[in-house]
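Below: one structure, written as structure tokens.
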Amino acid sequence: MKRILSLFCGCFLVFSEAGAQSDLKFTVEEAPEWSALFTRTKGWFGGDGIYAIPFNGSESGLSASAKTMFIFSDSMVGEITAGKMAPGAVMVHNSFAIMRGQKPVGDSLQFYWDKHPNGKAETVFIPKTPKTGPTDYYWLGDGFFNTALNRMFIFGYRVKQVSDGTFGFEEVGNTLLKIDPSAIGAVEKQEGSFKSSWYDQKDTPFFISKETGDMGSFGAGIYVNTKVAGAPAPDGYVYVYGVRGQAKKMLVARVKPEDFERYDRWRFWDGNTWQTDMMKSAPVTDKVSNELSVSALPDGRYALVFQEGGMGRHVAMRIGDTPVGPFGPIIRLYDCSPALTKKSYFVYNAKAYPHLSAPGELLISYNVNSFDFLKDLADDPQLYRPRFIRVRFKDQAE
């Protein structure tokens with residue numbers, strides 16, 4: 001059914017082709033208690049990206065998870081003294097944190113990275129697959145706890161540096177990381193160290209190289225549409241979203257949880273049906289970001305949350321009838337300009353966290369970075385971290 005939406009003062013009106021009106025009202029506010037949780041001066045003090053994985057697999061939040069794993073890509077580890085980075089601060093290519101409970105309090109969150117014998121911080125997840133090149137490293141995509149296989153899965157984008165500068169990198173492959181949940185307990189006992197032997201990694205075919213035209217990769221977002229995940233309309237599939245090309249076109253794949261590692265069981269949406277050829281995937285929308293989320297809404301539809309255009313200043317949302325869409329026009333939720341305190345700063349990769357959200361709400365993060373990263377980080381070492389907002393959906397009877 002075709003939908004036309006208009007945004008005014010936190011309320012957008014949805015019209016069907018027959019002209020029937022349905023209002024979805026909401027307000028948006030900052031969530032300073034969550035932003036403060038990631039404003040730190042010792043240990044981890046900044047990072048690219050942030051995905052959150054509930055340990056009990058309840059992505060919807062209907063059954064509160066006792067623990068959540070936050071994962072980050074390039075991360076800063078060290079100390080900030082008198083507002084400046086202390087000597088010895090380093091960047092590692094990825095890190096993670098474990099939060100106990102659901103409340104954003106300071107002692108609920110513990111960060112982890114690997115450690116060299118000399119104590120220096122090192123990257124956690126390091127590519128060691130047959131397709132890995134000598135200088136490849138991982139950026140992390142989305143992940144989830146697969147209750148059917150009793151393992152945590154995380155997408156790792158293999159990346160290599162091709163030049164200097166903030167964007168001097170190139171994605172070259174796609175990998176699936178598999179973690180035994182018992183390893184996380186071992187990590188917590190080690191208090192800040194992670195061993196490469198505690199996880200498996202496997203190359204996937206879910207990377208579209210630039211030789212085929214627009215480059216793309218799957219793993220930008222995951223929606224687990226199963227009963228155990230708390231999905232309101234479960235069909236038993238895990239939906240995995242990909243992003244392709246400069247237009248940020250979104251692609252969709254799906255697979256049963258028990259078949260997640262069986263790549264021949266994956267199916268790709270071609271605009272009409274699910275089929276086996278990834279290269280026939282059809283974009284279901286565009287102007288998304290390389291990190292995003294799809295979440296069920298109180299009215300039975302789905303919210304696709306992203307940063308408009310990839311690095312636009314607006315946290316945005318599109319509404320879909322199903323996890324595959326069709327998705328409506330862009331709804332701008334929040335203008336991130338207050339975080340752009342320098343002309344060189346930019347914002348990116350907004351996404352939602354249903355399992356950390358109160359009923360009728362969506363907690364959403366976005367990231368801040370700089371085109372002149374090293375210089376700006378020296379002046380403002382806490383620029384490089386997620387900020388949070390909260391969307392409250394109102395009862396239509398109000």
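With 3.5 Å as the limit, one finds a donor-acceptor pair spanning the side chains of D376 and S370. When only modelled atom types and interatomic distance are considered, N349 and N367 share no side-chain donor-acceptor pair under 3.5 Å. Of the N and O atoms on the side chains of Y345 and D380, at least one donor lies less than 3.5 Å from an acceptor on the other residue. At a cut-off of 3.5 Å, with distance as the only test, no side-chain donor of N56 or S58 sits close to an acceptor on the other residue. A donor-acceptor contact closer than 3.5 angstrom links the side chains of S209 and E211. Side-chain polar atoms of S365 and Y353 form a donor-acceptor pair below 3.5 angstrom.
For the pair F145/P181, a side-chain contact is recorded, criterion being any heavy-atom separation below 4.5 Å from C-beta on. At least one side-chain heavy atom of F153 sits under 4.5 Å from a side-chain heavy atom of E261. Side-chain contact between W113 and K115: present, with at least one pair of heavy atoms (C-beta onward) separated by less than 4.5 Å. Side-chain atoms of I364 and V28, non-hydrogen and from C-beta on, never get closer than 4.5 Å to each other. R265 places none of its side-chain heavy atoms less than 4.5 Å from the side chain of E258. Residues M76 and P381 have side chains not in contact (no heavy-atom distance under 4.5 Å, counting atoms from C-beta outward). Using a 4.5 Å cut-off on side-chain heavy atoms (C-beta onward), D235 and R254 make contact. Side-chain contact between P257 and T147: absent, with no pair of heavy atoms (C-beta onward) separated by less than 4.5 Å.
Minimum heavy-atom separation, G312 to Q307: O-NE2, 3.0 Å. The heavy-atom pair separating E33 from P104 by the smallest distance is CG-CG, 3.4 Å. Minimum heavy-atom separation, D270 to N272: OD1-N, 2.8 Å. Across every non-hydrogen atom of T322 and G325, the tightest pair is OG1-O, 2.6 Å. Taking both residues in full, the closest heavy atoms of A97 and Y112 are given as CA-CD1, 4.4 Å, listed atom of the first, atom of the second, then distance. Looking at every heavy atom in both residues, G271 comes nearest to A282 through N-CB, 3.8 Å.
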Between F96 and I179, does the side chain to side chain contact (heavy atoms under 4.5 Å, CB included) criterion hold? Intermediate values first, please. CA-CA 13 Å; F96 68 94; I179 306 172; over 6 Å; no
Side chain to side chain contact (heavy atoms under 4.5 Å, CB included) assessment of R387 paired with Y334: CA-CA 12 Å; R387 276 75 161 171; Y334 182 76; over 6 Å; no
Check the pair L356 / Q102 against side chain to side chain contact (heavy atoms under 4.5 Å, CB included), numbers first and verdict last. CA-CA 6 Å; L356 296 174; Q102 302 280 303; 3.9 Å; yes
Could you please spell out the steps behind the side chain to side chain contact (heavy atoms under 4.5 Å, CB included) verdict for H93 and V159? CA-CA 10 Å; H93 285 307; V159 174; over 6 Å; no
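Residue K280 places its NZ atom among 12 or fewer non-hydrogen atoms of other residues, nucleotides or ligands, all under 6.0 Å distant. Enclosure of atom NZ in K131 is not indicated, since only 12 or fewer non-hydrogen atoms of other residues, nucleotides or ligands lie within 6.0 angstrom. By the neighbour-count criterion of 12 heavy atoms within 6.0 Å, atom NZ of K256 is densely surrounded, having more than that number from other residues, nucleotides or ligands.
Considering only residues two or more places apart in sequence or on other chains, T204 meets the side chain to side chain donor-acceptor pair (under 3.5 Å) condition with N174. With sequence neighbours left out, the ring pair (Phe, Tyr, Trp, His ring centres under 6.0 Å) criterion links F218 to F268. Evaluation of the side chain to side chain donor-acceptor pair (under 3.5 Å) rule for D136 yields R158 as partners, not counting sequence neighbours. With sequence neighbours left out, E59 forms a side chain to side chain donor-acceptor pair (under 3.5 Å) with no residue at all.
Between F373 and Y384, the ring-plane angle classifies as perpendicular under the 30° and 60° cut-offs.
At least one donor-acceptor pair closer than 3.5 Å links the side chain of N94 to the backbone N or O of F125. Looking at H314, its side chain never comes within 3.5 Å of a backbone N or O of A316 through a donor-acceptor pair. At least one donor-acceptor pair closer than 3.5 Å links the side chain of Q201 to the backbone N or O of I126. Between the side chain of S357 and the main chain of L363, a donor-acceptor pair closer than 3.5 Å is present. Although no hydrogens or angles enter the test, the distance criterion places a donor-acceptor pair under 3.5 Å between the side chain of S73 and the main chain of L140. The main-chain N or O of D214 is found under 3.5 Å from a side-chain atom of R244 such that the two form a donor-acceptor pair. The main-chain N or O of I50 is found under 3.5 Å from a side-chain atom of K351 such that the two form a donor-acceptor pair. Remark: side-chain polar atoms of E30 are not paired, donor with acceptor, to backbone N or O of P32 under 3.5 angstrom. Side-chain atoms of Q382 come within 3.5 Å of backbone atoms of R40 as a donor-acceptor pair (strictly under, hydrogens ignored). Under the 3.5 Å distance criterion, the side-chain polar atoms of R318 are matched with a main-chain donor or acceptor of D286.
Taking CD1 of I389 as the reference point, atom SG of C336 lies at 6.5 Å (rounded to 0.5 Å). In this structure, OG in S293 is found 7.5 Å from CG in L362, a value given to the nearest 0.5 Å. For the atom pair CD1 of I71 and CG of D48, the computed distance is 12.5 Å after rounding to the nearest 0.5 Å. Considering CD1 of I222 and CD1 of I53, their distance stands at 7.5 Å, rounded to 0.5 Å. Taking CZ of R151 as the start and OG of S182 as the end, the distance is 7.0 Å to the nearest 0.5 Å. To the nearest 0.5 Å, atoms NZ (K202) and CG (L176) are separated by 8.0 Å.
Hydrophobic clustering, with ILVMFWY side chains joined whenever heavy atoms are under 4.5 angstrom apart, groups M279 together with L251. Cluster annotation: F206 is not connected to Y138 through the hydrophobic network of ILVMFWY side chains, with a link wherever side-chain heavy atoms come within less than 4.5 Å. Y51 and V224 are members of different hydrophobic clusters when ILVMFWY side chains are connected at heavy-atom separations under 4.5 Å. Both L149 and V238 are members of a single hydrophobic cluster when ILVMFWY side chains are connected at heavy-atom separations under 4.5 Å. Criterion: ILVMFWY side-chain heavy atoms under 4.5 Å apart, direct or through other members. Under it, V172 and M215 are not part of a common hydrophobic cluster.
For residues 53-79, the set of pairs meeting the ring pair (Phe, Tyr, Trp, His ring centres under 6.0 Å) definition, not counting sequence neighbours, comprises F38-F70, W44-F72, F72-F111.
When hydrophobic side chains of Ile, Leu, Val, Met, Phe, Trp and Tyr are connected at separations under 4.5 Å, Y237 ends up clustered with Y223, Y239, Y241, V243, M250, V252, W269, W274, V284, V288, L292, V294, Y302, L304, F306, V324, F327, I330.
Tested against V92, the residues V124, T123, D114, D74 include a single side chain to side chain contact (heavy atoms under 4.5 Å, CB included) partner, T123.
A salt bridge links K342 with D379: the closest approach of a Lys/Arg side-chain nitrogen to an acidic carboxylate oxygen falls below 4.0 angstrom.
Between F260 and W266, the distance from one ring center to the other falls under 6.0 angstrom.
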